[in-house]
Protein chains: 2
Amino acid sequence: MVELPAGTPPRRADARRNISAIVEAATRCLAEDPGVSMSAIATAAGVGRMTLYGHFESRSALVAVVVEHALDRAEAELSAVDVTGDPYDAMTRLLDASWTVTFRNGGLVQAADQALSPDLLERAHTQLVDRAKSVLRRGRSEGRFRKDMPLDWQVTAVQSLLHGAATAVHQGALTAARAPGLVTTSALALLAVPPAPSSGP
Amino acid sequence: MVELPAGTPPRRADARRNISAIVEAATRCLAEDPGVSMSAIATAAGVGRMTLYGHFESRSALVAVVVEHALDRAEAELSAVDVTGDPYDAMTRLLDASWTVTFRNGGLVQAADQALSPDLLERAHTQLVDRAKSVLRRGRSEGRFRKDMPLDWQVTAVQSLLHGAATAVHQGALTAARAPGLVTTSALALLAVPPAPSSGP
DNA sequence: CCTAATTCGTACGGTGGTGTACGAGTTGAC
DNA sequence: GTCAACTCGTACACCACCGTACGAATTAGG
(Lines give C-alpha, C1' and ligand atoms only; values in the text may rest on other atoms or scores of the structure.)
Protein backbone atom coordinates (compact mmCIF):
# COMPACT_ATOMS: atom_id res chain seq x y z
CA MET A 1 0.00 0.00 0.00
CA VAL A 2 2.65 2.49 1.03
CA GLU A 3 5.97 2.37 -0.78
CA LEU A 4 9.18 3.02 1.04
CA PRO A 5 11.91 5.13 -0.50
CA ALA A 6 14.54 3.00 -2.20
CA GLY A 7 17.92 2.64 -0.54
CA THR A 8 16.55 2.10 2.94
CA PRO A 9 17.05 -1.29 4.54
CA PRO A 10 14.06 -3.57 4.03
CA ARG A 11 11.56 -3.38 6.91
CA ARG A 12 10.13 -6.35 8.61
CA ALA A 13 6.66 -7.48 7.60
CA ASP A 14 4.93 -6.21 10.73
CA ALA A 15 6.64 -2.87 10.40
CA ARG A 16 5.42 -2.45 6.86
CA ARG A 17 1.95 -3.46 7.93
CA ASN A 18 2.00 -0.88 10.71
CA ILE A 19 3.27 1.85 8.43
CA SER A 20 0.41 1.19 6.06
CA ALA A 21 -2.09 1.18 8.91
CA ILE A 22 -0.69 4.45 10.21
CA VAL A 23 -0.80 6.22 6.87
CA GLU A 24 -4.32 5.05 6.20
CA ALA A 25 -5.56 5.93 9.67
CA ALA A 26 -3.83 9.30 9.45
CA THR A 27 -5.50 9.99 6.13
CA ARG A 28 -8.89 9.26 7.62
CA CYS A 29 -8.26 11.22 10.81
CA LEU A 30 -6.73 14.24 9.11
CA ALA A 31 -9.51 14.31 6.56
CA GLU A 32 -12.02 14.61 9.40
CA ASP A 33 -10.05 16.90 11.67
CA PRO A 34 -6.92 18.61 10.36
CA GLY A 35 -5.77 19.30 13.91
CA VAL A 36 -6.01 15.75 15.18
CA SER A 37 -3.23 14.75 17.59
CA MET A 38 -0.52 12.19 17.04
CA SER A 39 -1.93 10.11 19.89
CA ALA A 40 -5.31 9.96 18.24
CA ILE A 41 -3.77 8.89 14.95
CA ALA A 42 -1.73 6.19 16.68
CA THR A 43 -4.81 4.90 18.48
CA ALA A 44 -6.83 4.93 15.28
CA ALA A 45 -4.08 2.95 13.58
CA GLY A 46 -4.09 0.42 16.40
CA VAL A 47 -0.47 1.07 17.38
CA GLY A 48 1.27 2.82 20.24
CA ARG A 49 2.31 6.41 19.96
CA MET A 50 5.95 5.37 20.16
CA THR A 51 5.62 3.07 17.20
CA LEU A 52 4.33 6.01 15.25
CA TYR A 53 7.38 8.09 16.16
CA GLY A 54 9.53 5.09 15.30
CA HIS A 55 8.41 5.41 11.70
CA PHE A 56 7.83 9.13 11.32
CA GLU A 57 10.20 11.71 12.70
CA SER A 58 7.59 14.36 13.29
CA ARG A 59 4.06 15.41 12.60
CA SER A 60 5.19 17.28 9.52
CA ALA A 61 6.92 14.17 8.21
CA LEU A 62 3.78 12.13 8.70
CA VAL A 63 1.59 14.72 7.05
CA ALA A 64 4.02 14.96 4.17
CA VAL A 65 3.87 11.22 3.56
CA VAL A 66 0.10 11.15 3.92
CA VAL A 67 -0.32 14.00 1.49
CA GLU A 68 2.08 12.50 -1.00
CA HIS A 69 0.30 9.18 -0.77
CA ALA A 70 -3.13 10.77 -1.15
CA LEU A 71 -1.84 12.83 -4.03
CA ASP A 72 -0.48 9.81 -5.85
CA ARG A 73 -3.73 7.99 -5.42
CA ALA A 74 -5.77 10.99 -6.52
CA GLU A 75 -3.49 11.52 -9.49
CA ALA A 76 -3.93 7.88 -10.47
CA GLU A 77 -7.70 8.03 -10.19
CA LEU A 78 -8.04 11.30 -12.02
CA SER A 79 -5.62 10.43 -14.78
CA ALA A 80 -7.69 7.33 -15.48
CA VAL A 81 -10.65 9.52 -16.35
CA ASP A 82 -11.42 9.88 -20.01
CA VAL A 83 -11.47 13.61 -20.61
CA THR A 84 -11.97 13.42 -24.36
CA GLY A 85 -15.24 13.67 -26.21
CA ASP A 86 -18.10 15.95 -25.31
CA PRO A 87 -16.92 18.40 -22.62
CA TYR A 88 -20.15 17.89 -20.71
CA ASP A 89 -19.63 14.16 -20.48
CA ALA A 90 -15.93 14.58 -19.79
CA MET A 91 -16.68 17.00 -16.98
CA THR A 92 -19.29 14.66 -15.58
CA ARG A 93 -16.79 11.84 -15.40
CA LEU A 94 -14.17 14.11 -13.92
CA LEU A 95 -16.59 15.38 -11.28
CA ASP A 96 -17.52 11.86 -10.25
CA ALA A 97 -13.88 10.98 -9.72
CA SER A 98 -13.19 14.30 -8.04
CA TRP A 99 -16.01 13.68 -5.61
CA THR A 100 -14.42 10.47 -4.42
CA VAL A 101 -11.09 12.18 -3.97
CA THR A 102 -12.55 15.17 -2.18
CA PHE A 103 -14.70 13.09 0.12
CA ARG A 104 -11.84 10.82 1.05
CA ASN A 105 -9.32 13.56 1.68
CA GLY A 106 -11.47 16.41 2.92
CA GLY A 107 -9.65 18.42 5.54
CA LEU A 108 -6.30 17.03 4.48
CA VAL A 109 -5.66 20.19 2.53
CA GLN A 110 -5.99 22.25 5.66
CA ALA A 111 -3.67 19.97 7.61
CA ALA A 112 -1.15 20.21 4.82
CA ASP A 113 -1.44 23.99 4.74
CA GLN A 114 -0.11 24.23 8.26
CA ALA A 115 2.56 21.58 8.01
CA LEU A 116 4.02 21.69 4.50
CA SER A 117 5.96 24.17 2.46
CA PRO A 118 3.74 26.46 0.40
CA ASP A 119 5.49 25.71 -2.88
CA LEU A 120 5.02 21.97 -2.50
CA LEU A 121 1.34 22.57 -1.82
CA GLU A 122 1.15 24.87 -4.80
CA ARG A 123 2.55 22.23 -7.11
CA ALA A 124 0.22 19.58 -5.71
CA HIS A 125 -2.80 21.78 -6.15
CA THR A 126 -1.81 22.78 -9.66
CA GLN A 127 -1.32 19.18 -10.67
CA LEU A 128 -4.85 18.24 -9.69
CA VAL A 129 -6.60 21.34 -10.87
CA ASP A 130 -4.95 21.56 -14.26
CA ARG A 131 -6.88 18.59 -15.55
CA ALA A 132 -10.20 20.23 -14.75
CA LYS A 133 -8.94 23.49 -16.15
CA SER A 134 -8.11 22.01 -19.50
CA VAL A 135 -11.51 20.34 -19.85
CA LEU A 136 -13.11 23.57 -18.85
CA ARG A 137 -11.04 25.54 -21.30
CA ARG A 138 -11.93 23.19 -24.11
CA GLY A 139 -15.61 23.30 -23.20
CA ARG A 140 -15.50 27.07 -23.23
CA SER A 141 -13.81 27.29 -26.60
CA GLU A 142 -16.32 24.83 -28.02
CA GLY A 143 -19.16 26.99 -26.78
CA ARG A 144 -20.45 24.39 -24.34
CA PHE A 145 -19.48 26.20 -21.15
CA ARG A 146 -20.13 29.82 -20.38
CA LYS A 147 -17.28 32.26 -20.80
CA ASP A 148 -18.67 35.23 -18.90
CA MET A 149 -16.84 34.23 -15.73
CA PRO A 150 -13.10 33.90 -15.12
CA LEU A 151 -11.95 30.34 -15.60
CA ASP A 152 -10.24 30.39 -12.23
CA TRP A 153 -13.46 31.33 -10.51
CA GLN A 154 -15.30 28.50 -12.20
CA VAL A 155 -12.69 26.11 -10.84
CA THR A 156 -12.98 27.62 -7.38
CA ALA A 157 -16.75 27.42 -7.50
CA VAL A 158 -16.76 23.75 -8.47
CA GLN A 159 -14.24 23.00 -5.75
CA SER A 160 -16.45 24.81 -3.28
CA LEU A 161 -19.36 22.61 -4.24
CA LEU A 162 -17.27 19.48 -3.81
CA HIS A 163 -16.01 20.64 -0.46
CA GLY A 164 -19.44 21.71 0.72
CA ALA A 165 -20.94 18.38 -0.21
CA ALA A 166 -18.16 16.48 1.53
CA THR A 167 -18.70 18.50 4.69
CA ALA A 168 -22.45 17.95 4.53
CA VAL A 169 -21.96 14.21 4.21
CA HIS A 170 -19.52 14.15 7.12
CA GLN A 171 -22.08 16.01 9.19
CA GLY A 172 -24.81 13.59 8.20
CA ALA A 173 -26.86 16.26 6.44
CA LEU A 174 -26.48 14.45 3.13
CA THR A 175 -26.08 10.79 2.25
CA ALA A 176 -22.90 9.72 0.51
CA ALA A 177 -25.01 8.06 -2.16
CA ARG A 178 -26.77 11.22 -3.28
CA ALA A 179 -23.81 13.54 -3.03
CA PRO A 180 -21.97 12.84 -6.29
CA GLY A 181 -25.12 13.22 -8.36
CA LEU A 182 -26.03 16.51 -6.73
CA VAL A 183 -22.52 17.86 -7.09
CA THR A 184 -22.42 16.93 -10.74
CA THR A 185 -25.83 18.40 -11.52
CA SER A 186 -25.00 21.58 -9.67
CA ALA A 187 -21.55 22.00 -11.13
CA LEU A 188 -22.79 21.52 -14.66
CA ALA A 189 -25.58 24.01 -14.06
CA LEU A 190 -22.89 26.42 -12.96
CA LEU A 191 -20.78 25.89 -16.04
CA ALA A 192 -23.44 25.54 -18.69
CA VAL A 193 -24.11 28.33 -21.14
CA PRO A 194 -27.15 30.11 -19.72
CA PRO A 195 -30.36 30.07 -21.74
CA ALA A 196 -30.89 33.22 -23.79
CA PRO A 197 -31.27 36.18 -21.39
CA SER A 198 -35.02 36.11 -21.98
CA SER A 199 -35.49 39.54 -23.49
CA GLY A 200 -39.16 39.08 -24.45
CA PRO A 201 -42.14 39.64 -22.08
CA MET B 1 -21.26 49.63 18.95
CA VAL B 2 -21.46 46.85 21.48
CA GLU B 3 -24.36 46.93 23.90
CA LEU B 4 -23.91 45.79 27.46
CA PRO B 5 -26.48 43.64 29.17
CA ALA B 6 -28.90 45.69 31.23
CA GLY B 7 -28.63 45.58 35.00
CA THR B 8 -24.83 45.83 35.08
CA PRO B 9 -23.30 48.97 36.52
CA PRO B 10 -22.43 51.51 33.83
CA ARG B 11 -18.85 51.20 32.58
CA ARG B 12 -16.49 54.06 32.26
CA ALA B 13 -16.04 55.57 28.81
CA ASP B 14 -12.61 54.09 28.20
CA ALA B 15 -13.84 50.67 29.25
CA ARG B 16 -16.70 50.81 26.79
CA ARG B 17 -14.34 51.96 24.09
CA ASN B 18 -12.00 49.08 24.82
CA ILE B 19 -14.80 46.54 24.84
CA SER B 20 -15.90 47.73 21.43
CA ALA B 21 -12.34 47.62 20.14
CA ILE B 22 -11.91 44.10 21.49
CA VAL B 23 -15.10 42.76 19.97
CA GLU B 24 -14.33 44.31 16.62
CA ALA B 25 -10.74 43.13 16.59
CA ALA B 26 -11.85 39.67 17.70
CA THR B 27 -14.37 39.54 14.88
CA ARG B 28 -11.69 40.39 12.37
CA CYS B 29 -9.11 38.02 13.85
CA LEU B 30 -11.48 35.09 14.26
CA ALA B 31 -12.83 35.58 10.76
CA GLU B 32 -9.30 35.20 9.42
CA ASP B 33 -8.09 32.48 11.76
CA PRO B 34 -10.57 30.67 13.98
CA GLY B 35 -7.76 29.44 16.22
CA VAL B 36 -6.22 32.83 16.91
CA SER B 37 -4.96 33.29 20.48
CA MET B 38 -6.27 35.63 23.12
CA SER B 39 -2.93 37.46 23.09
CA ALA B 40 -3.21 38.10 19.39
CA ILE B 41 -6.73 39.41 19.77
CA ALA B 42 -5.66 41.71 22.61
CA THR B 43 -2.76 43.03 20.57
CA ALA B 44 -5.00 43.56 17.54
CA ALA B 45 -7.42 45.48 19.74
CA GLY B 46 -4.59 47.63 21.05
CA VAL B 47 -5.07 46.56 24.66
CA GLY B 48 -3.19 44.33 27.08
CA ARG B 49 -4.14 40.73 27.52
CA MET B 50 -5.22 41.41 31.08
CA THR B 51 -7.65 44.07 29.98
CA LEU B 52 -9.20 41.51 27.74
CA TYR B 53 -9.64 39.08 30.63
CA GLY B 54 -10.99 41.94 32.68
CA HIS B 55 -13.93 42.19 30.32
CA PHE B 56 -14.36 38.60 29.21
CA GLU B 57 -14.16 35.67 31.56
CA SER B 58 -12.88 33.21 29.02
CA ARG B 59 -12.27 32.57 25.39
CA SER B 60 -15.69 30.98 25.09
CA ALA B 61 -17.31 34.04 26.61
CA LEU B 62 -15.56 36.29 24.13
CA VAL B 63 -16.46 34.11 21.20
CA ALA B 64 -20.05 33.99 22.39
CA VAL B 65 -20.27 37.78 22.50
CA VAL B 66 -18.55 38.13 19.16
CA VAL B 67 -20.89 35.64 17.55
CA GLU B 68 -23.94 37.21 19.09
CA HIS B 69 -22.82 40.62 17.90
CA ALA B 70 -22.05 39.38 14.41
CA LEU B 71 -25.36 37.59 14.36
CA ASP B 72 -27.31 40.67 15.34
CA ARG B 73 -25.59 42.69 12.68
CA ALA B 74 -26.12 40.02 10.06
CA GLU B 75 -29.75 39.67 11.08
CA ALA B 76 -30.21 43.41 10.75
CA GLU B 77 -28.60 43.53 7.33
CA LEU B 78 -30.46 40.54 5.99
CA SER B 79 -33.82 41.51 7.40
CA ALA B 80 -33.48 44.82 5.59
CA VAL B 81 -33.42 43.00 2.28
CA ASP B 82 -36.59 43.11 0.26
CA VAL B 83 -37.43 39.49 -0.41
CA THR B 84 -40.71 40.16 -2.16
CA GLY B 85 -41.33 40.32 -5.86
CA ASP B 86 -39.63 38.22 -8.48
CA PRO B 87 -37.75 35.40 -6.73
CA TYR B 88 -34.78 35.94 -9.01
CA ASP B 89 -34.46 39.57 -8.04
CA ALA B 90 -35.15 38.78 -4.40
CA MET B 91 -32.46 36.12 -4.39
CA THR B 92 -30.04 38.47 -6.08
CA ARG B 93 -30.56 41.06 -3.37
CA LEU B 94 -30.28 38.44 -0.69
CA LEU B 95 -27.07 37.08 -2.16
CA ASP B 96 -25.50 40.51 -2.28
CA ALA B 97 -26.23 41.05 1.39
CA SER B 98 -25.16 37.51 2.24
CA TRP B 99 -21.86 38.07 0.51
CA THR B 100 -21.05 40.98 2.77
CA VAL B 101 -21.95 38.99 5.83
CA THR B 102 -19.99 35.94 4.75
CA PHE B 103 -16.92 37.91 3.78
CA ARG B 104 -16.89 39.84 7.01
CA ASN B 105 -17.40 36.85 9.29
CA GLY B 106 -15.66 34.07 7.41
CA GLY B 107 -14.03 31.64 9.78
CA LEU B 108 -16.14 32.84 12.67
CA VAL B 109 -18.43 29.88 12.19
CA GLN B 110 -15.55 27.53 12.72
CA ALA B 111 -14.41 29.33 15.85
CA ALA B 112 -17.94 29.19 17.18
CA ASP B 113 -18.17 25.49 16.42
CA GLN B 114 -15.40 24.74 18.86
CA ALA B 115 -16.39 27.14 21.59
CA LEU B 116 -20.17 27.31 21.69
CA SER B 117 -22.94 24.91 22.50
CA PRO B 118 -24.26 23.07 19.46
CA ASP B 119 -27.88 24.04 20.04
CA LEU B 120 -27.06 27.74 20.19
CA LEU B 121 -25.17 27.38 16.95
CA GLU B 122 -28.05 25.48 15.45
CA ARG B 123 -30.49 28.24 16.29
CA ALA B 124 -28.15 30.90 14.92
CA HIS B 125 -27.66 29.05 11.70
CA THR B 126 -31.36 28.36 11.30
CA GLN B 127 -32.19 32.01 11.82
CA LEU B 128 -29.95 33.11 8.99
CA VAL B 129 -30.69 30.32 6.59
CA ASP B 130 -34.45 30.36 6.94
CA ARG B 131 -34.73 33.59 5.05
CA ALA B 132 -32.93 32.17 2.04
CA LYS B 133 -34.94 29.00 2.35
CA SER B 134 -38.25 30.77 2.14
CA VAL B 135 -37.24 32.73 -0.94
CA LEU B 136 -35.98 29.54 -2.45
CA ARG B 137 -39.17 27.71 -1.59
CA ARG B 138 -41.28 30.41 -3.13
CA GLY B 139 -39.15 30.50 -6.26
CA ARG B 140 -39.51 26.77 -6.60
CA SER B 141 -43.26 26.81 -6.21
CA GLU B 142 -43.50 29.59 -8.77
CA GLY B 143 -41.50 27.53 -11.21
CA ARG B 144 -38.58 29.93 -11.28
CA PHE B 145 -36.09 27.70 -9.49
CA ARG B 146 -35.43 24.08 -10.23
CA LYS B 147 -37.02 21.49 -8.02
CA ASP B 148 -35.00 18.44 -8.99
CA MET B 149 -32.60 18.91 -6.08
CA PRO B 150 -33.34 18.90 -2.35
CA LEU B 151 -33.91 22.38 -1.03
CA ASP B 152 -31.36 21.81 1.72
CA TRP B 153 -28.71 20.93 -0.81
CA GLN B 154 -29.41 24.08 -2.78
CA VAL B 155 -28.88 26.09 0.38
CA THR B 156 -25.68 24.21 1.14
CA ALA B 157 -24.45 24.73 -2.40
CA VAL B 158 -25.05 28.47 -2.31
CA GLN B 159 -23.34 28.72 1.05
CA SER B 160 -20.40 26.81 -0.36
CA LEU B 161 -20.10 29.34 -3.16
CA LEU B 162 -20.20 32.23 -0.70
CA HIS B 163 -17.60 30.60 1.48
CA GLY B 164 -15.37 29.66 -1.43
CA ALA B 165 -15.46 33.19 -2.78
CA ALA B 166 -14.67 34.64 0.64
CA THR B 167 -11.69 32.34 0.98
CA ALA B 168 -10.47 33.19 -2.49
CA VAL B 169 -10.64 36.90 -1.73
CA HIS B 170 -8.79 36.44 1.55
CA GLN B 171 -6.10 34.57 -0.34
CA GLY B 172 -5.87 37.26 -2.95
CA ALA B 173 -7.00 34.99 -5.77
CA LEU B 174 -10.06 37.15 -6.35
CA THR B 175 -10.74 40.82 -5.85
CA ALA B 176 -13.40 41.84 -3.36
CA ALA B 177 -15.01 43.94 -6.06
CA ARG B 178 -15.68 41.09 -8.45
CA ALA B 179 -16.69 38.52 -5.86
CA PRO B 180 -20.31 39.44 -5.20
CA GLY B 181 -21.16 39.55 -8.88
CA LEU B 182 -19.59 36.18 -9.54
CA VAL B 183 -21.26 34.62 -6.54
CA THR B 184 -24.64 35.93 -7.61
CA THR B 185 -24.27 34.83 -11.22
CA SER B 186 -23.08 31.41 -10.16
CA ALA B 187 -25.70 30.89 -7.50
CA LEU B 188 -28.51 31.86 -9.81
CA ALA B 189 -27.16 29.54 -12.49
CA LEU B 190 -27.27 26.82 -9.88
CA LEU B 191 -30.85 27.53 -8.91
CA ALA B 192 -32.36 28.38 -12.25
CA VAL B 193 -34.62 25.95 -14.05
CA PRO B 194 -32.36 24.26 -16.60
CA PRO B 195 -33.13 24.73 -20.28
CA ALA B 196 -35.14 21.86 -21.75
CA PRO B 197 -33.01 18.69 -21.67
CA SER B 198 -32.50 18.99 -25.43
CA SER B 199 -34.00 15.69 -26.49
CA GLY B 200 -34.07 16.06 -30.26
CA PRO B 201 -30.96 16.15 -32.52
C1' DC C 1 16.12 -21.56 18.33
C1' DC C 2 18.58 -17.24 18.24
C1' DT C 3 19.19 -12.71 17.08
C1' DA C 4 18.08 -8.44 15.64
C1' DA C 5 14.29 -5.78 14.56
C1' DT C 6 10.26 -3.96 16.30
C1' DT C 7 6.75 -2.68 19.57
C1' DC C 8 5.28 0.19 23.12
C1' DG C 9 4.77 1.75 28.06
C1' DT C 10 6.50 5.28 31.14
C1' DA C 11 8.66 9.15 32.07
C1' DC C 12 10.67 13.54 30.95
C1' DG C 13 11.55 18.35 28.97
C1' DG C 14 9.89 21.87 25.97
C1' DT C 15 6.39 24.81 23.94
C1' DG C 16 2.33 27.49 23.64
C1' DG C 17 -2.02 28.40 24.98
C1' DT C 18 -5.52 29.44 28.92
C1' DG C 19 -6.95 31.48 33.07
C1' DT C 20 -5.67 33.54 37.94
C1' DA C 21 -3.34 36.52 41.38
C1' DC C 22 -1.11 40.49 42.71
C1' DG C 23 -0.06 45.06 42.42
C1' DA C 24 1.55 49.40 40.60
C1' DG C 25 0.44 52.91 37.50
C1' DT C 26 -3.04 55.67 34.86
C1' DT C 27 -7.26 58.00 33.92
C1' DG C 28 -12.19 59.00 33.78
C1' DA C 29 -15.98 60.96 36.60
C1' DC C 30 -17.97 63.65 40.05
C1' DG D 1 -8.57 67.10 43.29
C1' DT D 2 -9.86 62.93 44.84
C1' DC D 3 -11.25 58.34 44.42
C1' DA D 4 -12.74 54.55 42.31
C1' DA D 5 -12.50 52.44 38.03
C1' DC D 6 -9.63 50.86 34.82
C1' DT D 7 -5.22 49.32 32.52
C1' DC D 8 -1.71 46.17 32.09
C1' DG D 9 2.88 44.01 33.21
C1' DT D 10 4.74 40.05 35.55
C1' DA D 11 4.50 35.89 37.42
C1' DC D 12 2.40 31.56 38.15
C1' DA D 13 -0.31 27.10 37.85
C1' DC D 14 -2.30 24.23 34.53
C1' DC D 15 -3.11 21.63 30.49
C1' DA D 16 -2.49 19.52 25.92
C1' DC D 17 0.49 18.37 22.69
C1' DC D 18 5.10 17.45 20.60
C1' DG D 19 9.26 15.02 20.51
C1' DT D 20 13.03 12.28 23.10
C1' DA D 21 15.14 8.74 26.07
C1' DC D 22 15.30 4.46 28.20
C1' DG D 23 14.32 -0.17 28.44
C1' DA D 24 11.69 -4.35 28.73
C1' DA D 25 8.67 -7.49 26.23
C1' DT D 26 7.55 -9.40 21.87
C1' DT D 27 8.14 -11.21 17.34
C1' DA D 28 9.72 -11.87 12.50
C1' DG D 29 13.14 -14.27 9.87
C1' DG D 30 17.07 -17.04 9.08
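Letters A, B, ... are given to chains in the order of the sequence lines, protein chains preceding strands, and every chain is numbered from 1. This structure is a prediction, so every number in the text was calculated from the model and none was measured.
Between the P atom of D:dT27 and the CZ atom of A:R17 lies a distance of 11 Å, rounded to the nearest Å. Atom pair B:L52:CG and D:dG9:P shows a separation of 12 Å (rounding to whole Å applied).
Using a 4.0 Å cut-off between charged nitrogen and carboxylate oxygen, A:E77 and A:R104 count as a salt-bridge pair. The pair A:E75-A:R131 meets the salt-bridge criterion, with a side-chain N (NZ, NE, NH1 or NH2) lying under 4.0 Å from an Asp/Glu carboxylate O.
Among residues at least two apart or in separate chains, there is no side chain to side chain donor-acceptor pair (under 3.5 Å) pair with a member in residues 28-48 of chain B.
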Indicate for each nucleotide in nucleotides 7-19 of chain C, in 5' to 3' sequence, whether protein heavy atoms under 4.0 Å reach the base (B), only the sugar-phosphate (S), or nothing (-). SBBBB-----SSB
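In this structure a side-chain-to-backbone donor-acceptor pair under 3.5 Å is missing from B:T51 to B:V47.
For the residue pair B:W99/B:T184, the side-chain donor-acceptor check at 3.5 Å is not satisfied.
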